[in-house]
Structures are given as structure tokens and as C-alpha cells.
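Working notes for the structure below.
Remember, it's 1-based here, ligands and their atoms both numbered in the order they're listed.
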Amino acid sequence: MKMTFYGQFVAGEDQEAIKPLLRRNQAFGVGAVLDYSVEEDLGDGRSRTSAAEKEMGGAEKREERFRAHQGFGDHRGGVTGAHTYFYADEAKCDQHMETFLHCIDASSGSSDDGFSAIKLTALARPQFLVRFSEVLMKWRRFFHQMATEQGQAGRAVLDTKLELEKLQEALANLGIASKAESQQWFTGEKLGTSSTVDLLDWNSLFDSRTKLSKPLLIPNRKTGQLEPLLSRFSEEEELQMKRVLQRMDVLAKRAMEKGVRLMVDAEQSYFQPAISHLTVETQRRFNKSRPIIYNTYQCYLKEAYDNVTGDVELSRREGWHFGTKLVRGAYMEQERERAAQMGYEDPINPTYEKTNEMYHRCLDYVLEEIKRSRKASVMVASHNEDTVKFTLRRMMELGIHPSDKKVCFGQLLGMCDQITFPLALP
Ligand SMILES: Cc1cc2nc3c(=O)[nH]c(=O)nc-3n(C[C@H](O)[C@H](O)[C@H](O)COP(=O)(O)OP(=O)(O)OC[C@H]3O[C@@H](n4cnc5c(N)ncnc54)[C@H](O)[C@@H]3O)c2cc1C
């Protein structure tokens with residue numbers, strides 16, 4: 001059969017037209033990831049996004065990485081390796097959600113155990129994701145600040161445990177919360193059962209569904225002044241949070257009904273804390289008996305291993321299935337340029353080799369978890385031959401069978417095709 005350029009890269013124009021190809025691939029053990037690939041018009045978008053980004057700056061003192069910068073007002077700038085969206089309004093987000101629902105339906109109709117991919121910048125106002133990310137990072141940084149004060153600087157993230165007694169004293173001395181108040185913080189199901197608080201306990205104080213509007217003051221390390229962490233969350237932002245969670249719920253419910261796994265793509269690092277936080281909240285609700293929601297981890301990030309190990313540990317503690325797609329990361333040039341121009345630390349590993357090491361370290365951790373608990377699943381989303389070989393070798397060493405569906409390989413073919421084990425053999 002003669003293969004044309006169009007035939008190579010386009011599976012079909014609509015839900016019906018792609019079915020024969022998907023069926024043929026399925027016969028060879030190749031599944032599909034349906035990824036909505038319509039690009040928005042750039043021209044009009046640039047100016048409007050820039051204006052909206054300027055609006056975020058305001059008088060408030062912002063963390064450099066999460067500050068608006070006119071030159072990067074359009075987060076799509078220079079990105080060729082991933083689909084990007086421009087926020088117009090909430091109605092447009094609803095429209096994107098409808099399209100994602102069609103993709104889920106199409107995935108379920110055309111393959112067993114299908115995948116569908118979504119992007120949160122299509123479902124939420126990017127400015128909101130940046131702001132929420134900043135809040136989450138401040139919250140995490142405050143934990144590390146407390147850890148340094150308790151003489152625990154430089155420990156691995158899950159080995160850092162604050163002594164509850166000392167923490168409560170520090171919070172009282174800083175005027176953040178009296179001992180009686182902070183006692184309330186640590187009385188949840190999982191908190192306060194030991195005399196220590198780790199980063200996961202600390203993060204769980206921050207539940208977007210219930211506690212977002214709670215005003216909280218944290219000290220600014222530079223000025224020593226107490227600053228509100230959340231007080232600038234306006235009513236509109238609260239609503240934006242509610243809406244994005246609702247959209248994710250609608251998509252997750254449909255995916256569950258249709259037996260489709262939903263992958264949440266990773267995007268720029270200044271959106272990523274919020275994207276990951278919202279995804280983990282959805283995993284907590286929908287991955288109780290099997291992995292419906294897959295979170296994506298970008299191994300070019302210096303913090304990737306901490307993120308993967310932290311979330312695996314959270315899934316163990318809370319008893320849900322850890323679904324993950326591991327990628328190296330698609331936004332390197334843009335990330336580096338933005339960090340250099342705005343004067344904050346480059347979030348990307350210094351070399352390609354370091355990214356490779358990070359990828360294999362994260363992957364190894366997840367494969368060990370599959371072996372240990374059978375409650376983790378991974379898509380190895382990479383075209384790198386060494387990574388595919390590494391995965392196969394480690395699977396063999398760990399006794400994970402080659403046809404085990406807990407591990408699959410993902411590659412991009414114009415549309416995003418998931419290649420399961422048989423065809424991925426090197
Ligand atoms: C199925 C699928 C889904 C994907 N989903 C996402 C997603 O949700 N989010 C996302 O960001 N990307 C996503 N990607 C893209 C992915 O992150 C990579 O950009 C792409 O796959 C190339 O990496 P590789 O492992 O295939 O190949 P390789 O050629 O081995 O790796 C190239 C990658 O290495 C890293 N790198 C290169 N040079 C350096 C350097 N000097 N220093 C540090 N790191 C370096 C960069 O991440 C670069 O993209 C996806 C890819 C696939 C196949």
C-alpha cells in the first residue's frame with residue numbers, strides 16, 4: 001500500500017473516519033491516544049493575553065517565576081512540540097471540554113483500554129493557573145523554611161519531617177496561628193497521628209475544594225513581614241477554581257463510564273504546580289479501584305524526582321492508583337529563555353544527560369512501585385531507543401511480564417498514538 005504524507009500523519013478527519021485505522025493498529029497491539037489538535041488563531045490572542053497578564057501584575061509582590069512578563073504573555077510562543085491553547089473566556093473553556101468529551105467517546109468506541117489526553121490551559125484561565133501555582137509554591141517553600149529552622153536543610157523531600165511541637169511554637173511566635181488554632185490544622189484523619197509533619201501532611205492542609213478562601217499569612221523571607229498567602233484570591237478566582245474542578249469532574253466521570261484512561265498533559269513550569277495539584281485531587285476521587293486519571297511528569301525538571309516520589313507516597317497513604325505518563329518535557333527553550341530574562345533559576349536540568357538520568361530514575365521508581373503494590377501504571381512517553389531498552393530490561397529484572405498492561409509505550413505520530421508492548425520491542 002502506498003503511504004502518503006497525509007496518510008502517515010492524519011488518522012482521519014473525524015470520529016468515524018479514524019475507526020478503520022484504529023482497528024487495524026489494534027490488531028497489532030497498538031492502541032490510540034486521542035488528542036484534540038485544533039490550534040487557536042494566534043494574531044488576536046497575543047495582544048489579549050498580554051493585556052490579561054499585565055492585569056495579573058498589580059501592586060502585589062510576586063515570586064519572579066510566577067510574575068507576568070509581557071514578552072511571554074502568550075505561553076504558546078516558540079512552542080512547537082506540544083499543542084497550546086489561548087484563553088478567550090469561560091464559554092470557550094466549556095467548548096473545549098465538549099471537544100474533549102467527544103475525544104473520550106471516540107477513544108472508547110475504537111479501542112479497548114483507550115487513552116484520551118487533555119490540557120488544563122484549555123479548561124481554565126491560564127492567569128488563574130499561574131496564580132494558584134505561585135500560592136502552592138509559597139506554601140511549599142514555607143515548609144522548607146520551617147525545616148531549615150529545625151536544622152533539616154538539604155534532606156530528601158520525604159525524609160524532611162517537622163517536629164509538630166516545635167512547628168506549633170514557631171507558628172505562634174510568628175503570629176501566624178496560636179497553638180490552639182494550629183492544633184486544629186493537625187487534627188485531620190492523617191494529621192497529628194505522629195508527632196511529625198512531612199510535606200504531604202503539609203500540602204493536605206491545602207485542599208482546593210474546601211479551604212481555598214481561608215486567609216493565611218506567611219512570612220516573607222526577604223522582608224520578614226507577614227504577607228497574605230490567599231487574600232488576593234478574588235471571588236472570580238474562587239469561581240474559576242470551582243469551574244475547572246467541575247470540568248475535570250465531568251471529563252473524569254465520562255472517562256470512567258467509557259473505560260477510557262484520561263491523561264492530563266504537563267505544560268509550562270509556571271502552570272505545573274496548579275495542574276499537578278488539580279490532577280492529584282481528581283486522581284484521589286477517580287482512581288480508587290483502577291487508574292483512570294494519569295498525571296504527567298516532565299523529567300527535564302530538576303524537581304521531577306521529588307514530584308514523582310511525593311505523589312507515589314501520597315497514593316500509597318491514601319490508597320488510590322498512581323497513573324503516570326513520563327516525558328522528558330516539551331518547553332525547554334521557552335523555559336530557559338523566560339528564566340534568563342526574568343532572572344530566576346532555570347527549572348530545567350543543566351544537560352541532556354542529566355535529563356536522561358532523571359527520566360530513568362523516575363521510571364525505575366515507578367516500575368519498583370508496580371512490582372511492589374500493583375497499584376501504579378506508567379506510560380513511557382518517549383521516542384528514545386535507550387529509554388525503551390532500559391524499560392524492557394528493568395521490567396525483565398523486576399519480573400514484570402512484557403504484556404503487563406501496567407506499562408505501555410507512547411509515541412507521537414502527528415496525532416498522538418499509543419504504542420503498546422508488541423510494537424515497541426526494540
Ligand atoms: C505520547 C507523548 C506524550 C507527550 N506529552 C507531553 C506532555 O504532556 N508534556 C510535555 O511537556 N511533553 C510531552 N511530550 C513531549 C516530550 O516531553 C518530549 O519533548 C519529546 O517526546 C522528546 O523527548 P524524547 O524522550 O522522545 O526524545 P529525546 O530526543 O531523547 O529527548 C529530547 C528531550 O530531552 C530534553 N533535553 C534536550 N536537550 C536538553 C538539554 N540540553 N538539557 C536538558 N534537557 C534536554 C528535552 O526535554 C527534549 O525534548 C509527549 C511525548 C509523547 C511521545
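- Here Arg336 has side-chain heavy atoms under 4.0 Å from ligand 1, and that is the only part of it that gets that close.
- Residue contacts with ligand 1 for Thr355 involve side-chain atoms from C-beta outward but no N, CA, C or O (heavy atoms, distance under 4.0 Å).
- Taking every heavy atom of Lys325 and a limit of under 4.0 angstrom, the matching atoms of ligand 1 come to 3 (C), 4 (C), 5 (N), 6 (C), 7 (C), 8 (O).
- Contact annotation for Tyr331 and ligand 1: only side-chain heavy atoms (C-beta onward) come within less than 4.0 Å of the ligand.
- Those atoms of ligand 1 with a heavy atom of Asp265 less than 4.0 angstrom away are 8 (O).
- Short contacts between ligand 1 and Gln298, defined as distances under 4.0 Å to a heavy atom of the residue, involve ligand atoms 10 (C), 11 (O).
- Every atom of ligand 1 is numbered from 1 in the order shown, and the set under 4.0 Å from a heavy atom of Ala381 is 1 (C), 2 (C), 3 (C), 52 (C), 53 (C).
- The backbone of Gln411, and not its side chain, has at least one atom closer than 4.0 Å to an atom of ligand 1 (non-hydrogen atoms only; backbone = N, CA, C, O).
- The stretch residues 363-382 participates, sequence neighbours left out, in these ring-ring contact (aromatic ring centres under 6.0 Å, His included) pairs: Tyr305-Tyr365.
- Using a 4.0 Å cut-off to heavy atoms of Asn349, the atoms of ligand 1 that qualify are 42 (N), 43 (C).
- The shortest N or O to N or O distance between Ala266 and ligand 1 is below 3.5 Å.
- Between Trp139 and Phe142, the ring-plane angle classifies as tilted under the 30° and 60° cut-offs.
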Quick one, Asn384 with Arg328, criterion side chain to side chain contact (heavy atoms under 4.5 Å, CB included). Give me CA distance, side-chain angles, the key distance, then yes/no. CA-CA 10 Å; Asn384 186 305; Arg328 280 184 170 74; 3.5 Å; yes
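- Heavy-atom distances between Lys354 and ligand 1 stay at or above 4.0 Å for every pair.
- Legend: residues meeting salt bridge (charged side-chain N to carboxylate O under 4.0 Å, His left out) with Glu353, ordered by chain and number and at least two apart, are absent.
- Those atoms of ligand 1 that come under 4.0 Å of a heavy atom in Asn384, given as number and element, are 30 (O).
- Using cut-offs of 30° and 60° for the angle between ring planes, the Phe132 and His277 rings count as perpendicular.
- You'll find the ring centres of Tyr300 and Tyr352 outside the 6.0 Å limit.
- Distances between N or O atoms of Ala330 and those of ligand 1 include at least one value under 3.5 Å.
- Listed by atom number, the atoms of ligand 1 under 4.0 Å from Ser382 heavy atoms are 24 (P), 25 (O), 26 (O).
- Looking at Tyr300 against ligand 1, only its side chain comes within 4.0 Å, counting heavy atoms.
- With a heavy-atom cut-off of 4.0 Å, Glu267 does not touch ligand 1 at all.
- Shown are Thr282, Val264, Ile104, Val260; of these, the side chain to side chain contact (heavy atoms under 4.5 Å, CB included) with Leu251 is made only by Ile104.
- At least one N/O-N/O distance between Gly329 and ligand 1 falls below 3.5 Å.
- Neither the backbone nor the side chain of Thr387 has a heavy atom within less than 4.0 Å of ligand 1.
- Polar contact with ligand 1: absent for Asn356 (N/O pair, distance under 3.5 Å).
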